[in-house]
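The block underneath contains the structure these notes are about, expressed in structure tokens.
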Amino acid sequence: MSRNGNPYDLSPRDPRHRVIPPRSLFHRGITAAILFVGPVFGVLYLIVLPDGQWLAVVVTQIVAVVVAVCASIAFFRVGIWLSPDADVISERGFFGRVTHFNKAEAEYILLSEVYTSDGSESRPQLTVMGADNRRLLRMRGQYWAPEHLDTVAAGLPIPATRIPGTVWISEVREDYPESLYFFERHPTAFVVAAIGATAGTAATLMLALALVRMLST
């Protein structure tokens with residue numbers, strides 16, 4: 001079955017069990033956003049209010065709120081659907097992309113314990129691999145609880161390969177590159193893209209603020 005087919009509607013009526021990210025992840029994200037955005041906009045209002053240029057900050061804050069709301073909606077739509085009685089496993093990612101694969105396509109599960117970027121701790125990872133080392137599903141401990149990984153592993157009657165010990169992502173990239181996402185396989189390209197996106201966003205925001213100032217004068 002094609003990964004891009006849509007045999008299920010992923011709605012509450014879907015008979016399969018839905019695995020969802022832990023709600024604590026959402027709560028931590030909201031807390032971090034408030035702790036960051038609150039002081040930033042507080043300082044901006046203190047700077048612009050004496051000059052009467054508050055409209056530009058209001059527009060920026062509205063954009064930030066809209067982005068936060070969209071991100072929250074996206075988070076609550078994320079899920080993995082599976083069932084012992086269903087041949088198809090489906091996933092909807094954070095950006096809304098939906099993929100499906102048949103259990104018969106899965107050949108083995110790759111399990112690993114990977115250090116975080118600073119090396120202070122580690123997180124479990126699970127990847128379902130198909131024919132020709134095709135990645136069918138990937139779950140990282142930063143976003144999924146260990147019991148979620150266990151649920152998916154138990155739902156696939158295929159052998160599991162565990163990487164011994166705790167490893168760095170570079171070691172996984174060297175031995176099992178096909179199991180990783182593109183940005184994990186090409187970290188330099190990801191950094192360049194992130195810098196470019198940040199610069200583009202900043203430039204767009206500056207132009208928008210300049211336009212708002214022009215219209216408010």
Side-chain angles (χ1 to χ4, degrees), residues 1-11 14-26 74-187 189-190:
M1 177 174 293
S2 170
R3 294 185 72 198
N4 295 318
N6 191 19
Y8 297 95
D9 58 8
L10 309 186
S11 72
D14 195 312
R16 297 172 299 173
H17 172 65
R18 180 187 178 191
V19 180
I20 59 176
R23 292 297 181 248
S24 59
L25 181 65
F26 174 77
F75 176 86
F76 285 106
R77 285 170 54 83
V78 169
I80 297 173
W81 286 258
L82 74 164
S83 169
D85 302 324
D87 293 331
V88 176
I89 294 179
S90 304
E91 177 189 20
R92 180 161 57 207
F94 181 80
F95 294 102
R97 182 171 181 261
V98 176
T99 58
H100 311 272
F101 70 90
N102 197 297
K103 291 180 180 178
E105 298 178 57
E107 294 196 347
Y108 71 97
I109 296 173
L110 180 66
L111 300 171
S112 58
E113 188 75 18
V114 181
Y115 286 115
T116 55
S117 57
D118 60 2
S120 61
E121 54 186 345
S122 62
R123 295 283 188 270
Q125 300 197 6
L126 177 150
T127 309
V128 180
M129 302 298 294
D132 300 324
N133 285 323
R134 184 163 60 95
R135 188 187 69 251
L136 302 176
L137 178 69
R138 179 156 166 74
M139 302 175 70
R140 294 180 290 167
Q142 294 95 321
Y143 309 108
W144 299 97
E147 57 266 27
H148 297 150
L149 276 66
D150 294 340
T151 297
V152 173
L156 287 166
I158 55 177
T161 298
R162 179 176 291 276
I163 300 177
T166 304
V167 298
W168 294 94
I169 191 67
S170 58
E171 297 177 79
V172 181
R173 184 163 54 243
E174 181 178 351
D175 296 331
Y176 301 93
E178 297 85 358
S179 69
L180 303 178
Y181 292 124
F182 175 83
F183 66 86
E184 295 174 305
R185 297 197 306 270
H186 307 282
F190 174 73

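No side-chain donor-acceptor contact under 3.5 Å links Asp132 to the backbone of Arg134. Although no hydrogens or angles enter the test, the distance criterion places a donor-acceptor pair under 3.5 Å between the side chain of Lys103 and the main chain of Ala86.
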Can you check side chain to side chain contact (heavy atoms under 4.5 Å, CB included) on Val19 and Trp144, steps first, answer last? CA-CA 9 Å; Val19 180; Trp144 299 97; 3.8 Å; yes

How far apart are the C-alpha atoms of Ile89 and Leu136, what are their side-chain angles, what is the distance that settles it, and do they pass the side chain to side chain contact (heavy atoms under 4.5 Å, CB included) test? CA-CA 10 Å; Ile89 294 179; Leu136 302 176; over 6 Å; no

Under the side chain to side chain contact (heavy atoms under 4.5 Å, CB included) rule, what do Arg138 and Leu180 come out as? Steps first, then yes or no, please. CA-CA 8 Å; Arg138 179 156 166 74; Leu180 303 178; 3.4 Å; yes

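Rounding to the nearest 0.5 Å places CZ of Arg185 at 8.0 Å from CD of Glu178. Taking CE from Met139 and OG1 from Thr151, the interatomic distance works out to 8.0 Å, rounded to the nearest 0.5 Å. Taking CZ of Arg162 as the start and CG of Leu126 as the end, the distance is 9.5 Å to the nearest 0.5 Å. With values rounded to the nearest 0.5 angstrom, Ser112 atom OG is found 14.0 Å from Trp168 atom CH2. To the nearest 0.5 angstrom, Ile20 atom CD1 is 11.5 Å from Leu25 atom CG.
Residues Arg16 and Asp14 are paired through a salt bridge, judged by an N-O separation under 4.0 Å between the basic side chain and the carboxylate.
At a threshold of 4.5 Å between non-hydrogen side-chain atoms, the residues Tyr108 and Thr127 do not count as touching. Val172 is listed as a side-chain neighbour of Ile163, based on a closest heavy-atom distance under 4.5 Å. Val78 is not listed as a side-chain neighbour of Tyr143, based on a closest heavy-atom distance of 4.5 Å or more. Looking at Trp81 and His100, their side chains never come closer than 4.5 Å, going by heavy atoms from C-beta outward. Taking the side chain as every heavy atom from C-beta outward, Met129 and Thr161 never approach each other to under 4.5 Å.
Pairs of residues two or more places apart, or lying in two chains, that qualify as salt bridge (charged side-chain N to carboxylate O under 4.0 Å, His left out) and include a residue from residues 109-123 are Glu121-Arg123.
Counting all heavy atoms, side chain and backbone alike, Ala153 lies closest to Ile109 at CA-CD1, 3.8 Å. When all heavy atoms of Pro22 and Ala145 are compared, the closest pair comes out as CD-N, 4.1 Å. Heavy-atom minimum distance, Val152 versus Leu82: CA-CD1, 4.0 Å. Residues Ile158 and Glu107 come closest through the heavy atom pair CB-O, 3.9 Å.
No hydrogens or angles considered: nothing links the side chains of Ser83 and His17 as a donor-acceptor pair under 3.5 Å. Judged purely by distance below 3.5 Å, without hydrogens or angles, the side chains of Arg135 and Ser179 never pair a donor atom with an acceptor atom.
Checking Leu111, Val114, Leu149 one by one against Gln125, the side chain to side chain contact (heavy atoms under 4.5 Å, CB included) holds for a single residue, Val114.
Annotation for Arg23: atom CZ counts as buried by contact number, over 12 foreign heavy atoms lying within 6.0 Å.
Between Phe182 and His186, the ring-plane angle classifies as tilted under the 30° and 60° cut-offs.
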